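Have a look at the structure below, then the notes.
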Amino acid sequence: MSGCTAKQSTDTSERWVEVEGRRLKLTRLEKQLWPGITKAELIKYYAEMSDFILPYLRSRPMTLHLYPDGIEGKHFFRKEAPEFTPDWVRRFPYRAEDGKLINYILCGDRPTLIWLANLANIEFPITLSRIEDLEHPDLVVFDLDPFQPATFRDACMVALVLRDGLRQLGLQSWVKTSGATGLHVLVPVAPKYTFQQTREFVRRLGKMLESLMPEVLAEFRPVEERKGRVLI
DNA sequence: GCGCCGA
DNA sequence: TCGGCGCAACGCTTA
DNA sequence: TAAGCG
Ligand SMILES: [Mn+2]
């Protein structure tokens, strides 16, 4: 007998840690965020990966994606830095066009990353521009989504062709998975183009590839014609 | 996850 | 002391 | 024009 039927509700496991001189309390470390994966393990993962992750997050206003009840539970977003945010967490006040002021969290250091992991922030999506120049993205993203019966493999083929096209334009690109079956192809750019310009660039290149491989790509097609194709 | 608010 | 609640917002698609 | 989806 295991005798170990510890319930979630009885998980009072806590630990104070010091990260680069910042004291923070980790809570409910035994909470299962995925089947078989605890919050402690999520925090450990982000601690170990922090050197690789932080350069991408730095200077980008955060939208938190919080999953306090685990990946299958209710989740919610948060932009405004909560009242209980530690004072050493950097904030970025920004007034949107509608006049609403939001104090965004900036995650540029390890203590902030660990603090967010403890809040059960599972995902860290990034904005495409940085606060030094919000109007001009430093990343351009091609979003590749295969529509059934097209597969992840089809998306990969398209990504390779796209990479070659970008290379011919003198642009380096990097690929990452996105969601269950999609890909993102990222192109770092000097922050001197507007979002309108980069959006137009992506659409034009999509159109160009579409004319090159019309059987594979779904650009500018009605929804029902997208089946079996990849949409950029 | 956490603080707030009303019961 | 406890349970409920709020915590973002945008383009595309369809009705 | 609005509601629903991702
Ligand atoms: Mn996608």
Side-chain angles (χ1 to χ4, degrees), chain A residues 7-17 23-34 37-43 46 60-87 89 91-107 111-129 134-135 137 141-148 155 177-184 194-196 198-200 202-203 206-207 218-227 229-232:
Chain A
K7 291 173 185 143
Q8 299 277 72
S9 57
T10 66
D11 171 21
T12 53
S13 54
E14 291 181 4
R15 188 148 78 95
W16 282 93
V17 295
R23 301 263 305 158
L24 52 123
K25 186 174 70 167
L26 307 181
T27 58
R28 293 179 166 277
L29 289 168
E30 299 312 313
K31 165 89 94 173
Q32 303 268 323
L33 293 185
W34 287 266
I37 302 181
T38 62
K39 186 142 76 85
E41 290 166 301
L42 178 79
I43 294 168
Y46 279 121
R60 304 187 195 276
M62 298 288 296
T63 297
L64 311 187
H65 289 225
L66 302 165
Y67 294 76
D69 295 322
I71 194 65
E72 304 286 6
K74 281 274 157 278
H75 85 286
F76 60 95
F77 308 95
R78 172 159 229 164
K79 290 187 170 177
E80 179 72 29
E83 214 54 50
F84 57 86
T85 304
D87 56 12
V89 169
R91 294 158 168 80
F92 173 68
Y94 179 72
R95 193 174 296 283
E97 297 201 7
D98 61 8
K100 243 182 65 178
L101 179 73
I102 295 182
N103 296 288
Y104 287 90
I105 290 167
L106 297 177
C107 186
T112 302
L113 183 65
I114 300 308
W115 175 66
L116 291 175
N118 182 63
L119 291 183
N121 192 99
I122 289 180
E123 306 171 70
F124 290 80
I126 57 176
T127 58
L128 301 185
S129 64
L134 277 179
E135 305 294 317
V141 180
F142 293 81
D143 177 33
L144 278 47
D145 293 309
F147 280 63
Q148 298 269 2
T177 57
S178 164
T181 59
L183 287 174
H184 284 176
T194 64
F195 278 97
Q196 201 180 42
T198 57
R199 193 179 303 119
E200 179 61 22
V202 168
R203 287 190 178 148
K207 191 178 217 165
E219 309 313 297
F220 310 103
R221 288 173 188 276
V223 173
E224 121 257 3
E225 276 183 42
R226 291 177 188 171
K227 286 200 295 286
R229 292 185 163 95
V230 176
L231 179 66
I232 300 181

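This structure is a prediction, so every number in the text was calculated from the model and none was measured. Proteins come first, then strands; the chains are lettered A, B, ... in the order of their sequence lines, and each starts at number 1.
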Report task. Test side chain to side chain contact (heavy atoms under 4.5 Å, CB included) on A/Leu134 and A/Phe92 and set out the steps. Result -> CA-CA 12 Å; A/Leu134 277 179; A/Phe92 173 68; 3.7 Å; yes
Requested in this report: List the steps, then state whether side chain to side chain contact (heavy atoms under 4.5 Å, CB included) holds for A/Ile43 with A/Ile114.
Outcome: CA-CA 6 Å; A/Ile43 294 168; A/Ile114 300 308; 4.0 Å; yes
Query raised in the report: Stepwise, does the side chain to side chain contact (heavy atoms under 4.5 Å, CB included) test hold for A/Glu135 with A/Thr194?
Result: CA-CA 6 Å; A/Glu135 305 294 317; A/Thr194 64; over 6 Å; no
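Within the 4.0 angstrom heavy-atom criterion, base atoms lie near A/Phe76. A/Asn118 comes within 4.0 angstrom of the backbone, heavy atoms only, and of no base. Contacts of A/Arg226 with the nucleic acid, taken as non-hydrogen atoms under 4.0 Å apart, involve only primed sugar atoms and P, OP1 or OP2.
In this structure, CG of A/Leu119 is placed 8 Å from P of B/dG1, rounded to the nearest angstrom. Distance, A/His75 NE2 to D/dC5 C1': 13 Å, rounded to whole Å. Put simply, CG on A/Asn103 is 15 Å from P on C/dC7, counting in whole angstrom units. The CD1 atom of A/Ile102 sits 11 Å away from the P atom of C/dC7 (whole-angstrom rounding). Atom P of nucleotide C/dC10 and atom CZ of A/Phe77 are separated by 13 Å, given to the nearest angstrom. For A/His65 and C/dA9, the NE2 to P distance is 12 Å, given to the nearest whole Å. Distance, A/Trp115 CH2 to B/dC2 C1': 10 Å, rounded to whole Å. Between A/Phe147 atom CZ and D/dC5 atom C1' there is a gap of 13 Å when expressed in whole angstrom units.
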I'd like a list of close polar pairs between nucleotides 1-4 of chain D and the protein, N/O only, cut-off under 3.5 Å.
none

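Of the candidate nucleotides B/dG1, C/dT14, C/dA9, C/dA9 has the atom nearest to the side chain of A/Lys79. Checking C/dT14, C/dA9, B/dG1 against every side-chain atom of A/Lys39, the shortest atom distance belongs to B/dG1. Picking from C/dA9, B/dG1, C/dC12 the nucleotide with the shortest atom distance to the side chain of A/Arg203 gives C/dC12. The side chain of A/Thr27 lies closest to B/dG1 when the candidates are C/dT13, C/dA9, B/dG1.
Taking both residues in full, the closest heavy atoms of A/Glu219 and A/Gly206 are given as CG-O, 3.5 Å, listed atom of the first, atom of the second, then distance.
Between the P atoms of C/dG6 and D/dG6, the separation comes to 23 Å (whole Å).
Between A/Tyr67 and the choices A/Lys74, A/Glu72, A/Glu123, the side chain to side chain donor-acceptor pair (under 3.5 Å) rule is met once, by A/Glu123.
By the 30° and 60° cut-offs, the orientation of the rings of A/Trp115 relative to A/Phe84 is perpendicular.
Neither OP1 nor OP2 of B/dG1 sits under 4.0 Å from any side-chain N or O of A/Lys25.
Side-chain atoms of A/Arg226 come within 3.5 Å of backbone atoms of A/Arg221 as a donor-acceptor pair (strictly under, hydrogens ignored).
Mapping A/Glu83 and A/Ala120 onto DNA chain B by nearest heavy atom places A/Ala120 closer to the 5' end of the strand.
Side-chain rings of A/Phe77 and A/His65 approach one another, their centers coming within less than 6.0 Å.
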